[in-house]
Amino acid sequence: MKVGESERLELSGNNVIILEGVEWSSSVESVATVENGRVEAIRAGETVVTAAYGGEDYTCNVTVEEIQTIALSVTELFLVENDVETISLLRGNTVLTEDVSWATTDPAVASVAEGTIECLFPGETTITAEYEGRTYECELTVCASPAGAYYADITVTEMENAYFEFDLVLNADKTYTYNRRDNENAPNGSVAGGLVNRGTWKFEDKNTIVFTFTSGEMHMRVRINGVLVSVGELPTGGMDAELTFNKVND
């Protein structure tokens, strides 16, 4: 049986169905229950359904299996132009490859072939997989690549107007470095600098980049003009403050 299904069991003797005086039970009711011979499959597993009648027990072994639903491996993606990503249509844990038709609603934004997506231009499109008359969808947002060098500075009045400078470099391979560097022209002298953290970056949604490093994460909002603004607590190598990062011109 599959989870959610029901089946009818009958106890019979001499070609006559016995209805009165039968006591029905299931050895594992969390797997399947039984009432008046009607078996209801609850979850995957095994149980024994027993019909007790006339001092005798009559048994039926019942195996319940999970329903293997069909679904895409991912239903929402946030990528950048020139990214290549592969998604799959799955039945349970099995990848379906035959008789699956892939398509994109906007081929100018991204192309798709056999589940492999190539991001072409910033925008939004829907990747579809059609199988056995049903269509499965993945919403794709292709973002403009933020790769490049960024700069931010801040004066902290609570620290005797200490002046901090920061360099953030986003690489095209989705890695980054985040540094606080010395500034010889600081109002109160230079502040010791160095690497704050490094790791990988990706779009968390179409406006937010999440930076992942060894001991945590930091988030930055991408404004329309390409400026990055910190979101929430941001490791800055000495204090926590909202920072605005402007892209450095080549």
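A pairwise comparison of heavy atoms in Val227 and Phe245 identifies CG1-O, 3.4 Å as the closest pair. Pro122 and Glu81 get closest at one heavy-atom pair: CD-OE1, 3.8 Å. Heavy-atom minimum distance, Glu98 versus Tyr131: O-CE1, 3.6 Å. Shown here for Leu120 and Pro107, the closest heavy-atom pair between the two residues is CD1-O, 3.3 Å. Residues Glu35 and Arg8 approach most closely at O-NH1, 4.5 Å, considering heavy atoms. Taking every heavy atom of both residues into account, Lys2 and Glu66 meet most closely at CD-O, 4.2 Å.
Phe78 and Val210 are assigned to two separate hydrophobic clusters, defined by single-linkage of ILVMFWY side chains at heavy-atom distances under 4.5 Å. The same ILVMFWY cluster, assembled from side-chain heavy atoms under 4.5 Å apart, contains both Tyr136 and Leu96. One hydrophobic cluster holds both Val196 and Leu170 under the rule that ILVMFWY side chains link at heavy-atom gaps under 4.5 Å. Hydrophobic clustering of Ile, Leu, Val, Met, Phe, Trp and Tyr side chains at less than 4.5 Å, counting indirect connections, keeps Ile117 apart from Val80. Following chains of ILVMFWY side-chain contacts shorter than 4.5 Å, one can reach Val74 starting from Leu79, so the two form part of one hydrophobic cluster.
In this structure a side-chain-to-backbone donor-acceptor pair under 3.5 Å is present from Asp205 to Asn207. In this structure a side-chain-to-backbone donor-acceptor pair under 3.5 Å is missing from Ser12 to Ile17. Side-chain atoms of Thr125 come within 3.5 Å of backbone atoms of Asp106 as a donor-acceptor pair (strictly under, hydrogens ignored).
Val34 is not listed as a side-chain neighbour of Glu29, based on a closest heavy-atom distance of 4.5 Å or more. Within the 4.5 Å cutoff, the side chain of Leu243 has heavy atoms near those of the Phe166 side chain. Put simply, the side chain of Glu65 does not reach to within 4.5 Å of the side chain of Met1, judged on heavy atoms. For the pair Tyr178/Met218, a side-chain contact is recorded, criterion being any heavy-atom separation below 4.5 Å from C-beta on. Residues Val222 and Leu228 form a side-chain contact, since some pair of their non-hydrogen atoms from C-beta on lies under 4.5 Å apart. Under the 4.5 Å side-chain criterion, counting only non-hydrogen atoms from C-beta, Glu76 is not in contact with Thr141. With contacts defined as side-chain heavy-atom distances shorter than 4.5 Å, the pair Ser6/Arg38 qualifies. Counting heavy atoms from C-beta on, the side chains of Thr116 and Trp102 never come closer than 4.5 Å.
Atom OG in Ser145 sits 8.0 Å away from atom CG in Asp83 (nearest 0.5 Å). The CG atom of Leu77 lies 6.5 Å from the CD1 atom of Ile87; values are rounded to the nearest 0.5 Å. To the nearest 0.5 Å, atoms CG (Leu11) and CD1 (Ile18) are separated by 4.5 Å. Note that CD of Glu137 and OG1 of Thr126 are 5.5 Å apart. Values are rounded to the nearest 0.5 Å. Taken to the nearest 0.5 Å, the CD atom of Glu132 stands 8.0 Å off from the CG atom of Asp99. Rounded to the nearest 0.5 Å, atoms CZ (Phe164) and CD1 (Ile154) are 8.5 Å apart.
In summary, the side chains of Thr200 and Thr175 do not present any donor paired with an acceptor at a separation below 3.5 Å, with no hydrogens or angles considered. For the 3.5 Å distance criterion, the side chains of Arg198 and Thr177 fail to qualify, holding no donor opposite an acceptor.
Summarising the local packing, OH of Tyr151 is surrounded by more than 12 heavy atoms from other residues, nucleotides or ligands at distances under 6.0 Å. Within a 6.0 Å sphere centred on NZ of Lys247, other residues, nucleotides and ligands contribute more than 12 heavy atoms.
Among Leu90, Leu89, Thr128, the single residue meeting the side-chain contact (heavy atoms from CB on, under 4.5 Å) criterion with Leu72 is Leu89.
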Name every donor-acceptor pair, under 3.5 Å, that has one atom in a side chain of residues 39-61 and the other anywhere in the protein, sequence neighbours excluded.
| unit_1 | atom_1 | unit_2 | atom_2 | d |
| --- | --- | --- | --- | --- |
| Arg43 | NH2 | Ser30 | OG | 3.0 |
| Thr47 | OG1 | Ser26 | OG | 2.9 |
| Thr47 | OG1 | Ser27 | N | 3.3 |
| Thr47 | OG1 | Ser27 | OG | 3.1 |
| Thr47 | OG1 | Val28 | N | 2.8 |

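Ionic pairing of Glu124 and Lys206 is present here: one or more N-O contacts between side-chain nitrogen and carboxylate oxygen are shorter than 4.0 angstrom.
In this pair, Phe203 and Trp201 present their aromatic rings perpendicular. The plane angle is above 60°, beyond the 30 to 60° band.
Taking the six-membered ring where the residue is Trp, the centroids of Phe211 and Tyr176 are separated by under 6.0 Å.
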